[in-house]
2 protein chains.
Amino acid sequence: MVTITNKEPLLSHNRKFRMTRQRQVILEEIKKVRTHPTADQLYEMARRRLPHISLGTVYRNLEILSECGMVQKLDLGGAQRRFDGNTKKHYHVHCTRCGRVDDVPIEAVVKIQTTFQGASNYKITGHKLELLGLCPQCKKAKKALTKRPGRRAGRKSNSHP
Amino acid sequence: MVTITNKEPLLSHNRKFRMTRQRQVILEEIKKVRTHPTADQLYEMARRRLPHISLGTVYRNLEILSECGMVQKLDLGGAQRRFDGNTKKHYHVHCTRCGRVDDVPIEAVVKIQTTFQGASNYKITGHKLELLGLCPQCKKAKKALTKRPGRRAGRKSNSHP
DNA sequence: GGGTTATGTAGGAATGGTTACTATTACGAA
DNA sequence: TTCGTAATAGTAACCATTCCTACATAACCC
């Protein structure tokens with residue numbers, strides 16, 4: 001359980017922000033979980049403590065917190081953006097079946113960039129690597145499905161958010 | 001210049017689609033370019049030949065064409081989805097300054113997946129790697145800028161044909 | 001061919017995530 | 001305390017994408 005108690009102002013590279021109650025709650029809530037929540041999930045989480053907080057405030061503060069390096073904005077593709085309280089550079093693995101996102105406990109490998117440095121006439125300055133696969137639950141579910149004898153009707157399209 | 005002349009029906013894994021005039025034009029237009037256009041860019045391109053085509057038709061057909069493996073849907077993050085007439089698995093490099101997207105002429109390295117296979121309890125089945133950097137033009141522009149201090153360009157969603 | 005069904009189309013409305021606007025409130029320095 | 005600014009709630013606007021509907025066209029079958 002993470003608790004942020006000080007209310008020191010936040011510093012971005014070119015601005016100073018006040019640590020307001022709303023901002024603090026959003027920060028605490030995102031630091032609490034490892035689920036890479038979306039903005040509206042964080043809105044629900046914050047609303048349990050601040051029933052009058054508005055979705056716009058959540059968006060604005062996530063923007064500010066990420067500008068100050070307190071949270072990470074993830075752009076994994078798909079409809080909704082996700083946010084991560086873990087600001088260390090790291091990779092994510094995305095379940096293709098249920099949409100769950102987990103951390104991959106391996107630090108970012110900068111070597112990837114040098115590998116590709118000469119391959120185009122761009123100056124490579126970064127990279128985004130996202131692993132795709134089946135989470136433990138979906139692995140089991142899949143296995144259970146293939147075990148069952150008899151032919152299966154059609155493959156189901158996943159309901160992947 | 002690529003031209004598709006035959007109007008054979010398209011086959012997806014579970015359906016058959018007719019090759020209509022609209023579908024053919026969209027396919028030809030996307031095969032013509034290497035710019036990874038967005039749906040509305042393709043809409044404009046197709047409209048030059050079929051002034052009455054609608055944006056919905058473009059979206060629906062891109063969906064169908066990608067289901068049949070004729071084009072590739074790219075989900076690079078960012079507001080708009082992009083499409084690629086090159087269906088071979090390959091990587092992309094994305095300019096962080098102007099948003100331009102180019103191919104990286106190196107085939108997908110499956111080794112990446114095996115590297116990460118044990119790092120989580122997911123079954124890794126794929127990966128998405130996107131290089132970030134400065135395109136040739138922006139490299140030059142940046143160099144010119146550092147000579148004399150410039151103003152900060154607002155973040156613009158790219159508008160690159 | 002003529003009738004019927006499946007498939008595709010244009011156009012526009014609806015959706016959903018995100019951002020912008022506005023009046024009001026809270027904070028911090030003088 | 002007072003003034004100026006930052007932040008907020010609430011709501012409207014935005015924009016890419018999807019869905020809906022009436023109509024058109026092709027394929028199929030007799």
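First the proteins, then the strands, lettered A, B, ... as listed; each starts at 1.
Here A/His127 and A/Tyr91 bring their ring centres to under 6.0 angstrom of each other.
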List every contact pair, protein side and nucleotides 15-22 of chain D side both N or O, where the distance is under 3.5 Å.
unit_1: D/dT17; atom_1: OP1; unit_2: B/Arg81; atom_2: N; d: 2.8
unit_1: D/dT17; atom_1: OP2; unit_2: B/Tyr59; atom_2: OH; d: 2.2
unit_1: D/dT17; atom_1: O5'; unit_2: B/Tyr59; atom_2: OH; d: 3.1

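With rounding to whole Å, A/Lys16 atom NZ is found 11 Å from D/dA7 atom P. Protein atom CD of A/Glu67 is 11 Å distant from nucleotide atom P of D/dA7, rounded to whole Å. Atoms CD (B/Gln24) and C1' (C/dT9) sit 16 Å apart, rounded to a whole Å. A/Arg23 places its CZ atom 12 Å from the C1' atom of C/dA26, with the value rounded to the nearest Å. Atom CE of B/Met19 is separated from atom C1' of C/dT7 by 15 Å (rounded to the nearest Å). Rounded to whole Å, atom C1' of C/dT25 lies 17 Å from atom CZ of A/Arg21. Summarising the geometry, the separation between CG on B/Leu62 and P on C/dG8 is reported as 15 Å, rounded to the nearest angstrom. Following rounding to the nearest Å, B/His52 (NE2) and D/dT25 (P) show an atom-to-atom distance of 13 Å.
To the nearest 0.5 Å, the span separating CD1 on B/Ile106 from NE2 on B/His90 amounts to 12.5 Å. We find the CD1-CG distance between A/Ile30 and A/Asn61 to be 11.5 Å, quoted to the nearest 0.5 Å.
Counted within 6.0 Å of NZ on A/Lys139, heavy atoms from surrounding residues, nucleotides or ligands total more than 12; the atom is thus considered enclosed. Heavy-atom neighbours of A/Arg15 CZ from other residues, nucleotides or ligands within 6.0 Å: at or below the threshold of 12.
Nearest to the side chain of A/Gln22, among C/dA10, D/dA9, D/dA7, sits D/dA9.
Residues B/Gln137 and B/Arg100 bring a donor and an acceptor atom of their side chains to less than 3.5 Å of each other.
In this structure, B/Glu44 pairs ionically with B/Arg47, as a charged nitrogen and a carboxylate oxygen lie closer than 4.0 Å.
Between B/Thr57 and C/dT9 there is no side-chain polar atom (N or O) within less than 4.0 angstrom of OP1 or OP2. Between B/Thr20 and C/dT9, a side-chain N or O to OP1/OP2 separation shorter than 4.0 Å is present.
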